[in-house]
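Everything quoted here is computed from the prediction, not taken from an experiment.
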Amino acid sequence: MRDCKRFWCYAGTMDDWNELRLVLAIQRAGSLTAAAKALAVDHSTAFRRLNALEARLDLRLFERLPGGLYQATAAGERMAVAAERMEDEALALDRDITGRDHRLSGRLRVTSSETLAYSRLTRHLASFRQAHPGIVVELAIDNRVLSLSRREADIAFRPVRPREGDLWGRKLAGMAWTFYGTPALAAANGGPAAAAADLAGQTFVGWQEGTAGIRAADWLAQHLPADAIAYRSNSLVNQAVAAKAGLGLALLPCYLGDSDPGLARALAEPMPELTGELWIVTHGDLKNTARIRAFFDLVGNGLAAEKRLFEGHGVPAVAGRDQARKEQNRLHSPVPNKPHPAAGSSCASAPAREL
């Protein structure tokens with residue numbers, strides 16, 4: 001009870017939001033090092049500020065555990081809950097103000113997987129820049145799901161249908177996957193296989209051991225013996241490079257494999273059990289912001305226009321090298337600035353693992 005009185009006495013005279021942010025960051029991260037990184041301060045500063053706060057309160061907010069872990073005490077949890085409420089209000093106000101911004105200028109934070117950014121997205125960003133030179137795009141390449149509610153990003157590309165009610169977006173295309181290897185290997189095998197079972201005896205490129213939550217990685221782990229994997233990487237782009245180098249067959253999204261002249265399908269058709277989706281989403285409070293609407297119209301519609309490629313129909317399964325090379329040249333050419341027909345419909349959005 002005495003601790004509780006001290007806590008609320010201090011909270012009633014709270015004049016430094018940064019102290020509450022520090023407590024919230026430590027409670028979320030579970031360590032002082034990770035909290036300091038999230039707040040963009042050095043470890044010694046975070047350590048000093050926490051100790052000063054606990055001394056002023058005469059109250060311990062976190063138990064120091066082995067391995068550098070910090071576990072919130074009851075008082076620390078109460079303070080973190082209060083800080084989160086304050087953060088939610090501040091973020092809601094920020095989104096409300098930003099959502100009324102009708103200027104085609106300012107910063108736009110976008111998050112995407114490495115694979116999408118490498119293969120398809122960046123050239124659309126170049127066209128967006130040409131059309132709207134006053135908007136500065138910051139692209140975060142991250143396979144984690146960044147929080148749009150906490151403004152870790154303004155726009156996200158996600159590989160599953162959204163479910164969160166406070167987000168808004170639309171489906172751009174389906175996402176097909178199949179196996180790829182070198183054109184020489186495909187020719188030596190008499191062309192692409194008709195079924196995945198026909199690839200038995202081949203050497204494969206796989207994910208790092210222990211990778212979970214990615215359907216392609218899970219499929220490989222369930223269907224291939226460990227000794228069939230000759231090379232492992234946690235990057236789909238690197239897996240594609242490895243397949244091109246002849247290290248083995250790689251299970252890739254069709255938009256990556258079909259657009260690369262150094263790859264050919266080892267399996268003729270996409271695998272239905274791995275079919276995914278590509279969504280573009282933002283927070284509902286931001287959907288009327290001018291620069292976000294412009295991004296949806298130009299970049300979103302540009303990607304939607306490549307729907308056949310995403311769904312595995314852009315380059316035929318037995319594509320010749322000349323046709324694949326033509327697609328590769330198109331990959332590096334500017335995109336017309338005229339808008340494309342919209343695809344999909346608006347909806348609520350959801351957390352997803354980026355692929």
Side-chain angles (χ1 to χ4, degrees), residues 1-101 106-111 138 140 142 144-156 164-168 281-287 289 292 349-351:
M1 179 63 72
R2 187 166 60 90
D3 286 352
C4 184
K5 288 181 178 178
R6 281 205 306 271
F7 169 77
W8 288 113
C9 179
Y10 173 76
T13 60
M14 189 73 182
D15 59 0
D16 190 348
W17 162 236
N18 287 326
E19 291 176 339
L20 280 176
R21 288 181 67 221
L22 175 63
V23 172
L24 180 57
I26 298 172
Q27 195 270 342
R28 281 175 173 164
S31 77
L32 192 63
T33 300
K37 183 177 180 180
L39 296 174
V41 301
D42 57 58
H43 182 276
S44 60
T45 298
F47 181 77
R48 184 172 62 254
R49 282 170 51 188
L50 177 61
N51 286 343
L53 176 59
E54 290 182 329
R56 188 186 315 169
L57 283 173
D58 189 23
L59 184 64
R60 199 165 190 80
L61 298 175
F62 293 93
E63 299 294 345
R64 281 66 165 172
L65 303 178
L69 299 179
Y70 278 58
Q71 180 176 309
T73 63
E77 288 180 356
R78 288 196 296 275
M79 186 174 284
V81 168
E84 192 164 41
R85 284 200 298 267
M86 293 175 66
E87 180 189 61
D88 288 343
E89 288 296 323
L91 289 170
L93 177 61
D94 179 54
R95 292 193 304 268
D96 182 59
I97 293 172
T98 303
R100 300 168 190 266
D101 189 347
R107 182 176 65 168
L108 191 61
R109 289 166 292 193
V110 180
T111 179
E138 294 182 1
D142 205 318
R144 296 179 301 117
V145 178
L146 300 186
S147 173
L148 301 182
S149 296
R150 295 207 298 268
R151 296 297 303 280
E152 291 178 349
D154 300 314
I155 295 172
E164 287 180 37
D166 58 352
L167 301 186
W168 178 88
V281 296
T282 187
H283 195 281
D285 292 344
L286 302 180
K287 66 182 181 180
T289 305
I292 287 179
S349 34

Do you know which two heavy atoms are closest between T111 and A156, and how far apart they sit?
CG2-CB, 3.3 Å
Ignoring hydrogens, what is the shortest heavy-atom contact between L24 and A80? Give both atom names and the distance.
CD1-O, 3.6 Å
Any side-chain heavy atom of W168 sitting closer than 4.5 Å to one from H283?
no
Under a 4.5 Å cut-off applied to non-hydrogen side-chain atoms, are M79 and L53 in contact?
yes
What are the two closest non-hydrogen atoms of A46 and V41, and how far apart are they?
CB-CG2, 4.2 Å
Side chain E54, main chain L61, donor-acceptor under 3.5 Å:
yes
Of all heavy-atom pairs between S31 and G68, which one has the smallest distance, and what is that distance?
CB-O, 3.5 Å
To check you understand the geometry: which heavy-atom pair defines the closest contact between T282 and D154, and what is its length?
OG1-O, 2.6 Å
Which distance, rounded to the nearest 0.5 Å, do you find between the CZ of R21 and the CZ of R28?
10.0 Å
Minimal heavy-atom distance between T73 and R60, with the atoms involved, is OG1-O, 2.8 Å
Euclidean distance, H43 NE2 relative to R48 CZ, rounded to 0.5 Å
12.0 Å
Mind checking whether L50 and Y70 have side chains closer than 4.5 Å, heavy atoms only?
yes
State the CG-CZ distance between L22 and F47, to the nearest 0.5 angstrom.
12.0 Å
Report the distance from atom CG of L32 to atom CG of L69, rounding to the nearest 0.5 Å.
11.5 Å
